[in-house]
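Accompanying notes for the structure given below.
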Amino acid sequence: MRRLYMLMAAVLVASTLVAITMSSAGAKSGRYGAMVASPSLIGSWSGYGTSKKSAKHDALLKCRQNGPRFRGFAHDCRPAVWVYNGFMAVAYEKTKEKPYKNLAWGSGWGETKADAKYQARRSCRGASQEKCVVREVRHTPHTSQLKTRGGPW
């Protein structure tokens, strides 16, 4: 009987340690997200963190480090959008004339994926005066108990 109690105690301690590790890993990734647009690649990079500043830094760093690996990259990491507890998106003009580094683009954020896509297309249409296509949508860990907020850089 004593062995059973020892085994149960060991399982309880192990599961507690796993839960603590999982929760701190989730906290490290954070609920903040940011996106950087790269018109020359018709793409974007996203970053995450426990603060707006750290998410923005992460996104810019990824663009600057990874962009040069792609042919045609014009070192055009453009700050786009940030979000807390929600979704973010980047859209580009539908007609893609070269050079791509001059493409019009827009970004958006929202509580839902649809909200972020709508805002990105709307922002892009204002810049391009034509239809736009959403190229990227990303999200942070999301819960309805927290308010979603965001904006342009």
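- No side-chain N or O of Glu93 forms a donor-acceptor pair with one of Thr95 less than 3.5 Å apart.
- Contact detail for Ala91 and Cys132: the closest heavy-atom pair is CB-CB, 4.3 Å.
- Arg78 places none of its side-chain heavy atoms less than 4.5 Å from the side chain of Ser38.
- The minimum heavy-atom distance between Ser123 and Gly106, with the atom names listed, is OG-CA, 3.4 Å.
- Counting only distance, with no hydrogens or angles, the side chain of Thr140 and the backbone of Gly86 share a donor-acceptor pair below 3.5 Å.
- For Ser54 against Gly49, the heavy-atom pair with the smallest separation is OG-CA, 3.3 Å.
- Between Thr50 and Tyr32 there is no side-chain heavy-atom pair separated by less than 4.5 Å.
- Hydrophobic clustering (side-chain heavy atoms under 4.5 Å, transitive across Ile, Leu, Val, Met, Phe, Trp, Tyr) groups Tyr48 together with Trp109.
- Applying the ring pair (Phe, Tyr, Trp, His ring centres under 6.0 Å) test to pairs two or more places apart or on separate chains, those with a residue in residues 130-153 are Phe87-His139.
- Contact of the Val90 side chain with the Val134 side chain is not registered, since no non-hydrogen atoms from C-beta on lie closer than 4.5 Å.
- Looking at heavy atoms from C-beta onward, Arg149 lies out of side-chain contact with Val83 at the 4.5 angstrom threshold.
- The side-chain heavy atoms of Leu146 and Tyr84, taken from C-beta on, include a pair separated by under 4.5 Å.
- The minimum heavy-atom distance linking Ser107 with Ala80 is given by the pair OG-O, 3.1 Å.
- Formation of a donor-acceptor pair under 3.5 Å by the Asn85 side chain with backbone atoms of Arg31 is not found in this model.
- Atom SG of Cys63 sits about 11.0 Å away from atom CE of Met35, to the nearest 0.5 Å.
- In summary, the side chains of Arg121 and Tyr92 do not present any donor paired with an acceptor at a separation below 3.5 Å, with no hydrogens or angles considered.
- Open room surrounds NZ on Lys113; 12 or fewer heavy atoms of other groups in view lie less than 6.0 Å from it.
- Formation of a donor-acceptor pair under 3.5 Å by the Thr148 side chain with backbone atoms of Glu111 is not found in this model.
- No continuous path of ILVMFWY side-chain contacts below 4.5 Å connects Val133 to Met88, so the two sit in separate hydrophobic clusters.
- Closest heavy-atom contact between Gly72 and Leu41: C-CD2, 4.2 Å.
- Between Ala74 and Ser40, the closest heavy-atom pair is N-OG, 3.0 Å.
- At least one side-chain heavy atom of Cys77 sits less than 4.5 Å from a side-chain heavy atom of Leu60.
- For residues 52-78, the set of pairs meeting the ring pair (Phe, Tyr, Trp, His ring centres under 6.0 Å) definition, not counting sequence neighbours, comprises Phe73-His75.
- Residue pairs satisfying the salt bridge (Lys or Arg N to Asp or Glu O under 4.0 Å) criterion with at least one member in residues 122-142, sequence neighbours excluded, are listed as follows: Glu136-Arg138.
- Under the 4.5 Å side-chain heavy-atom criterion for Ile, Leu, Val, Met, Phe, Trp and Tyr, Trp82 and Val36 are members of the same hydrophobic cluster.
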